[in-house]
Amino acid sequence: MTSGGLLKLYQTLWAPYYDAVMRTLGAAGVILPIGDPHHGQPGATTFSTKGGEQVTFTWSEAPRAFDTVLDLTDPVSFQGIMPLVTFNGTDEEADTPDAAFWTRGDGANDSAMSLGAWVNVTGGHASIILARFDNTLAAEVREWRFLIDGNDNLEFQTFDESANVGAQRISDAAVPTGVWILVVATYDGTGGADAMGTSGSVADNGTLYVDGEIIASTANDSGAYVAMEDLSAPTTFAHRLLGGVTQLFGGSMIGGPLGPFFTPKELSSGEVRGLYDLGRAALGL
């Protein structure tokens, strides 16, 4: 196949996947379609979202300059028919300026949200997927974070900055590393002292999924927690700022129509399963 022919072939197949994912996420949801040149060329330092909110993320450097180069003429930059981006875990990431779209609390009440990504992590260190969480400033700005932690547990946390406490769901067991998995967190926006629900429950106000299935997780709530607040944090992709140290994602993520996503609603278990089944077919898993 001629140089670039592989990409052109795959692009002809992507439209139904975009449509299917956006129907699930809803009109306000967004996909981060990394690796899709229609939303950011490999040599560009920015990419744009697809969906209800059009925002621009700025890369730390163009993916063509990553340690593992994004080269859409090379089959190794694809899994199945989808592009993939590999992050070195040290200095490759992106962020977008503060926007109200990403905020899911007003200081008194939380609102629902869901987010997820197809990932293949190296494991053994905290790999941030998406976050609004910066405690390096004199006035800390912490809203939420979604990551695989240093013990390879899946974690989703919301944070009440005024009370200086978080509400967290963390998986009871490590997630698989070195293989492709779909990780998803959903939150119904309950807020308050039981924001994430009953400790030890597998499905509650906050729910974690791996490969379309609810996984056992523990809620760590605080009686002082009220709600997230509308703060001025940037939304960070593949990194977050913590105590002066930038924690970054190590491994690969699928992009294009199956790129990381965010939606201001609680996805149902059936919708999460549908996203997994859709992705498994496209990725050849």
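Since the structure is predicted, the reported quantities are computational estimates derived from the model, not experimental observations.
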Checklist entry - Just checking, Arg145 and Phe133: is the charged tip under 6.0 Å from the six-membered ring centre and within 45° of the axis? => result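 Cation-pi check for Arg145 and Phe133: passes.
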Less than 4.5 Å apart, side chain to side chain, heavy atoms only: is that true for [X] and [Y]?
{"X": "Ser252", "Y": "Val85", "result": "no"}
{"X": "Val21", "Y": "Leu278", "result": "yes"}
{"X": "Glu229", "Y": "Asp106", "result": "no"}
{"X": "Asn220", "Y": "Ile170", "result": "yes"}

Got a second to check how far [X]'s [atom1] is from [Y]'s [atom2], nearest 0.5 Å?
{"X": "Leu283", "Y": "Phe78", "atom1": "CG", "atom2": "CZ", "value": "12.5 Å"}
{"X": "Asn109", "Y": "Arg104", "atom1": "CG", "atom2": "CZ", "value": "12.0 Å"}
{"X": "Leu25", "Y": "Ile31", "atom1": "CG", "atom2": "CD1", "value": "6.0 Å"}
{"X": "Asn120", "Y": "Ile181", "atom1": "CG", "atom2": "CD1", "value": "8.0 Å"}
{"X": "Tyr18", "Y": "Leu258", "atom1": "OH", "atom2": "CG", "value": "9.0 Å"}
{"X": "Leu7", "Y": "Gln11", "atom1": "CG", "atom2": "CD", "value": "4.0 Å"}

Item to check | Partner set under ring-ring contact (aromatic ring centres under 6.0 Å, His included) for Phe87, not counting sequence neighbours | outcome: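 Expected list: Phe66, Phe237, Phe249.
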Checklist entry - Sequence neighbours excluded, which residues qualify as ring-ring contact (aromatic ring centres under 6.0 Å, His included) partners of Tyr17? => result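 So Tyr17 forms no ring-ring contact (aromatic ring centres under 6.0 Å, His included) with any residue.
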Checklist entry - Taking Ser60 for the side chain and Asp91 for the main chain, is one N or O donor matched with an acceptor at less than 3.5 Å? => result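 Yes.
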Item to check | Option passing side chain to side chain contact (heavy atoms under 4.5 Å, CB included) with Val119 (candidates Ile254, Leu182, Val183) | outcome: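 Only one of Ile254, Leu182, Val183 forms a side chain to side chain contact (heavy atoms under 4.5 Å, CB included) with Val119, namely Val183.
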Checklist entry - Can you list the residues that meet the side chain to side chain donor-acceptor pair (under 3.5 Å) rule with Tyr276, with sequence neighbours excluded? => result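 If we apply the side chain to side chain donor-acceptor pair (under 3.5 Å) test to Tyr276, skipping adjacent residues, there are no hits.
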Item to check | For Thr96, side-chain contact (heavy atoms from CB on, under 4.5 Å) partners two or more places apart | outcome: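 For Thr96 the side-chain contact (heavy atoms from CB on, under 4.5 Å) partners, ignoring immediate neighbours, are Val55, Phe57, Trp102, Thr235.
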Checklist entry - Using the ring of each side chain (for Trp, its six-membered ring), is Phe262 parallel, tilted or perpendicular to Phe101, with breaks at 30° and 60°? => result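 The rings of Phe262 and Phe101 stand perpendicular, inter-plane angle above 60°.
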Next on the checklist: Please determine whether a side-chain nitrogen of the Lys or Arg among Arg142 and Asp160 lies less than 4.0 Å from a carboxylate oxygen of the Asp or Glu.
Outcome noted: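 Salt bridge between Arg142 and Asp160, a charged N being under 4.0 Å from a carboxylate O: no.
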Next on the checklist: I need the full list of salt bridge (Lys or Arg N to Asp or Glu O under 4.0 Å) pairs touching residues 259-285, with sequence neighbours left out, sorted by first then second residue.
Outcome noted: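 Sorted pair list: Glu213-Arg273, Lys265-Glu271, Arg273-Asp277, Asp277-Arg280.
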Checklist entry - Could you give all pairs that pass the ring pair (Phe, Tyr, Trp, His ring centres under 6.0 Å) test and reach residues 197-224, with sequence neighbours left out? => result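 Qualifying pairs, neighbours excluded: none.
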